[in-house]
Amino acid sequence: MDKDQRFTQAAAELGYSFDGEIKIGGHYVPLVRDGNTVYLSGQIPRVGDVVVVQGRAGDTVSLPQAQHAARVCVMRALALLQRSLGSLEQVRTLLRITVYVQCTADFTQQSEVADGASDLLFSILGEAGAHTRTSVGVQQLPKNATVEVDLVASVHGPA
């Protein structure tokens, strides 16, 4: 199974379609390519018009729900990459991801939330999904999203 097929399978397992418009929330572009490096703007767990996981981890959102949010964020990022590159097979390696978790002051499982994103990236991209990572807790995220993920990828082919 190739990366695009694994992406389609992961979307089905999550129960969402990422075929439609990937909406952004402001005056910016969702990704920028500089040579063989692609920078993706932060993605919240929005499917269509709905932010599917909202609220604060450690309060109204459980760890499994926050991990689910991280997976949805990753799927949005991969959908954007797939559309831009024509195929996820063009991803050479992920260089870095940052996972922001809206959480309570005493919540300390940001890394475990980020594992939801990291595990899915490796599952879909294989060795190309290995990456460096930072995970941080924050007071608030756009649209009351529980998680936001951005990433930087190295890709094959001409810009």
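This chain uses plain numbering: 1 for the first residue, then up along the sequence. A quick note: this is a predicted structure, and the numbers were derived from the prediction, not measured.
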Considering all heavy atoms, the nearest [X]-[Y] contact:
{"X": "Ala66", "Y": "Val147", "value": "O-CG2, 3.6 Å"}
{"X": "Gly129", "Y": "Leu94", "value": "O-CD1, 3.9 Å"}
{"X": "Gln54", "Y": "Val61", "value": "O-CG2, 3.2 Å"}
{"X": "Val155", "Y": "Val91", "value": "CG1-CA, 4.3 Å"}
{"X": "Gly20", "Y": "Arg83", "value": "O-NH2, 2.7 Å"}
{"X": "Leu88", "Y": "Lys3", "value": "O-CD, 3.2 Å"}

Are [Y] and [X] connected into the same hydrophobic cluster when the rule is that any two of I, L, V, M, F, W, Y join if their side-chain heavy atoms are below 4.5 Å apart?
{"X": "Leu31", "Y": "Ile24", "answer": "no"}
{"X": "Phe7", "Y": "Leu121", "answer": "yes"}
{"X": "Leu95", "Y": "Leu80", "answer": "no"}
{"X": "Phe122", "Y": "Leu151", "answer": "no"}
{"X": "Leu141", "Y": "Val74", "answer": "no"}

Is a donor on one side and an acceptor on the other found under 3.5 Å between the side chain of [X] and the backbone of [Y]?
{"X": "Arg76", "Y": "Ile44", "answer": "yes"}
{"X": "Thr37", "Y": "Arg33", "answer": "no"}
{"X": "Thr134", "Y": "Ile97", "answer": "no"}
{"X": "Gln5", "Y": "Asp2", "answer": "yes"}
{"X": "Gln102", "Y": "Gly55", "answer": "yes"}

So do the side chains of [X] and [Y] get within less than 4.5 Å of each other, counting heavy atoms only?
{"X": "Val149", "Y": "Thr98", "answer": "no"}
{"X": "Val51", "Y": "Pro45", "answer": "yes"}
{"X": "Arg96", "Y": "His131", "answer": "no"}
{"X": "Gln82", "Y": "Asp4", "answer": "yes"}
{"X": "Glu148", "Y": "Pro142", "answer": "yes"}
{"X": "Val38", "Y": "Val152", "answer": "no"}
{"X": "Val47", "Y": "Phe18", "answer": "yes"}

Spacing of [atom1] belonging to [X] relative to [atom2] belonging to [Y], to within rounding of 0.5 Å:
{"X": "Met75", "Y": "Ser17", "atom1": "CE", "atom2": "OG", "result": "9.5 Å"}
{"X": "Asp115", "Y": "Gln109", "atom1": "CG", "atom2": "CD", "result": "10.5 Å"}
{"X": "Leu40", "Y": "Cys73", "atom1": "CG", "atom2": "SG", "result": "12.0 Å"}
{"X": "Ser41", "Y": "Ile22", "atom1": "OG", "atom2": "CD1", "result": "13.0 Å"}

Run the numbers on Val101 and Val138 for side-chain contact (heavy atoms from CB on, under 4.5 Å), then give the verdict.
CA-CA 6 Å; Val101 182; Val138 298; 6.0 Å; no
For [X] and [Y], test the side chains for any donor-to-acceptor distance below 3.5 angstrom and give the result as yes or no.
{"X": "Gln67", "Y": "Asp119", "value": "no"}
{"X": "Asn36", "Y": "Ser154", "value": "no"}
{"X": "Asp150", "Y": "Gln43", "value": "no"}
{"X": "Arg56", "Y": "Thr104", "value": "no"}
{"X": "Gln65", "Y": "Ser62", "value": "yes"}
{"X": "Arg133", "Y": "Ser118", "value": "yes"}

Begin with the C-alpha distance, continue with both residues' side-chain angles, and end with the deciding distance and a verdict on side-chain contact (heavy atoms from CB on, under 4.5 Å) for Glu112 and Leu63.
CA-CA 8 Å; Glu112 288 86 346; Leu63 176 59; 3.9 Å; yes
Pairs involving residues 39-69, ordered by first then second residue, that meet ring-ring contact (aromatic ring centres under 6.0 Å, His included) (sequence neighbours left out):
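Listed by first then second residue: Tyr16-His68.
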Taking ring-ring contact (aromatic ring centres under 6.0 Å, His included) as the cut-off, I'd like each qualifying pair that reaches into residues 77-116, sequence neighbours left out, listed once.
none
